[in-house]
Amino acid sequence: MKYFPILLIVIIACAAPKEKKLIGSVERLDPALDQLIPQGTQAEIIGEGFDWSEGPVWIESEKMLLFSDVPKNIIYKWTEEKGVEPFLTPSGYTGTIPRGGEPGSNGLTLNSDGQLVMCQHGDRRVALFTASYKDPKPEFKTLADNYKGKKLNSPNDVVVDKLGNLFFTDPPYGLLKNVNDSSKETPFQGVYKVKPDGTVILLVDSLTRPNGIAFSPDQQTLYVANSDAPIAKWYSFRIKGDSLSDAKIFYSTKYAEGEKGAPDGMRVDKKWKPVCQRSGWYLDF
């Protein structure tokens, strides 16, 4: 028998780094924004194909970004290593009767212990995620689901102060028929405070669609976005214990009939510069 040498050739393909996918531009209303976002910067698309993505929050301990797909009732995670993956489902509606609309989680934030606090449209509550980040399961603790015995509408966005108080907005977007839904129990769209002992306090009942919410760095001022296009405004309030005072229009846009977009989520940088979102673009004041 003759033996023939077999030559095994292993080809290692060194793929070129994946080209970043960029989109859009940044509209600058104040040159101070250049200190945060350099001129010419574009947004990089790190995930796509979602129905409606909301509530991004960075989890430093896990080096991951979490965000909600509200209609899909899913929270996704993004990591540098693996990109986008499902993290948690269901995320905002844990009922057994199928429903449409926007049932999932919306705004996400962290408390002082690094735990995930969630606005859940379908379950109509603000909840604490009680499972592990490494082994996520739909396990929650209710932090607020009613005001004086009446169900909340559909909590949208939430922030937590250094004392453990929650501040959240409650528009009707998660209800199947929005403001005209027969299950709506409160006659207004509120901004609320939840104290560590669970007491729910109504702070504002005069905004038509309270949405994004944020603190100033010293946590003495509360900013609230009103996502009602004809009343496209951002408001500021001074925080005085369990109430708000000195209400002001912080910024207002001139609404044009048929114009798309309205004030939505926001964040505040350490130099007192609120960065506000409106239909994909940001404002720095």
Exercise. Within a radius of less than 6.0 Å around CD of Glu80, do more than 12 heavy atoms belonging to other residues, nucleotides or ligands occur?
Worked result: no
Exercise. Counting only heavy atoms not in Leu163, do more than 12 fall under 6.0 Å of its CG?
Worked result: yes
Min side-chain heavy-atom separation [X]-[Y] under 4.5 Å:
{"X": "Gln219", "Y": "Ile239", "value": "no"}
{"X": "Leu110", "Y": "Gln115", "value": "no"}
{"X": "Leu202", "Y": "Phe188", "value": "yes"}
{"X": "Leu88", "Y": "Pro138", "value": "yes"}
{"X": "Val84", "Y": "Ile46", "value": "no"}
{"X": "Tyr76", "Y": "Ser53", "value": "no"}
{"X": "Val70", "Y": "Asp51", "value": "no"}
{"X": "Leu166", "Y": "Val126", "value": "yes"}

For this session: Please determine if Lys137 and Asp135 form a salt bridge, counting it only when a charged side-chain N lies under 4.0 Å from a carboxylate O.
Result: yes
Problem set entry | Electrostatic pair Asp246:Lys240 at N-O distance under 4.0 angstrom | no
Would you say [X] and [Y] are hydrophobically clustered, going by side-chain heavy atoms of ILVMFWY under 4.5 Å?
{"X": "Ile231", "Y": "Leu207", "result": "yes"}
{"X": "Val158", "Y": "Leu143", "result": "yes"}
{"X": "Leu108", "Y": "Met64", "result": "yes"}
{"X": "Val57", "Y": "Met266", "result": "no"}
{"X": "Val194", "Y": "Val117", "result": "yes"}

Problem set entry | All pairs passing side chain to side chain donor-acceptor pair (under 3.5 Å) where residues 198-211 contributes a residue, at least two apart | Asp197-Thr199, Thr208-Asn226, Thr208-Asp228, Asn211-Ser227
Exercise. Would Trp58 and Lys63 count as a side chain to side chain contact (heavy atoms under 4.5 Å, CB included) if you check the C-alpha gap in whole Å, the side-chain angles of each, and the deciding distance to 0.1 Å?
Worked result: CA-CA 7 Å; Trp58 179 254; Lys63 303 298 181 184; 4.3 Å; yes
Exercise. Are Tyr192 and Leu203 close enough, and set up right, to give a side chain to side chain contact (heavy atoms under 4.5 Å, CB included), and what steps lead you there?
Worked result: CA-CA 5 Å; Tyr192 297 90; Leu203 299 174; 5.7 Å; no
Problem set entry | Residue of the set Gln189, His121, Arg125 for which side-chain contact (heavy atoms from CB on, under 4.5 Å) holds with Ser154 | His121
For this session: Spell out, as yes or no, whether a donor-acceptor pair under 3.5 Å connects the side chain of Asn156 to the backbone of Thr169.
Result: no
For this session: Using modelled atom types only, decide if a donor and an acceptor are shared between the side chain of Asp170 and the backbone of Asn153 within a distance under 3.5 Å.
Result: yes
Problem set entry | Result of checking Phe237, Tyr223, Trp234, Tyr235 against Phe250 for ring pair (Phe, Tyr, Trp, His ring centres under 6.0 Å) | Tyr223
Problem set entry | Which residues share a side chain to side chain donor-acceptor pair (under 3.5 Å) with Glu48, sequence neighbours left out | Lys21
Exercise. Given the rule in the side chain to side chain contact (heavy atoms under 4.5 Å, CB included) test, do Ile59 and Leu66 qualify, once you have shown the distances and angles that lead to the verdict?
Worked result: CA-CA 7 Å; Ile59 312 298; Leu66 298 182; 3.9 Å; yes
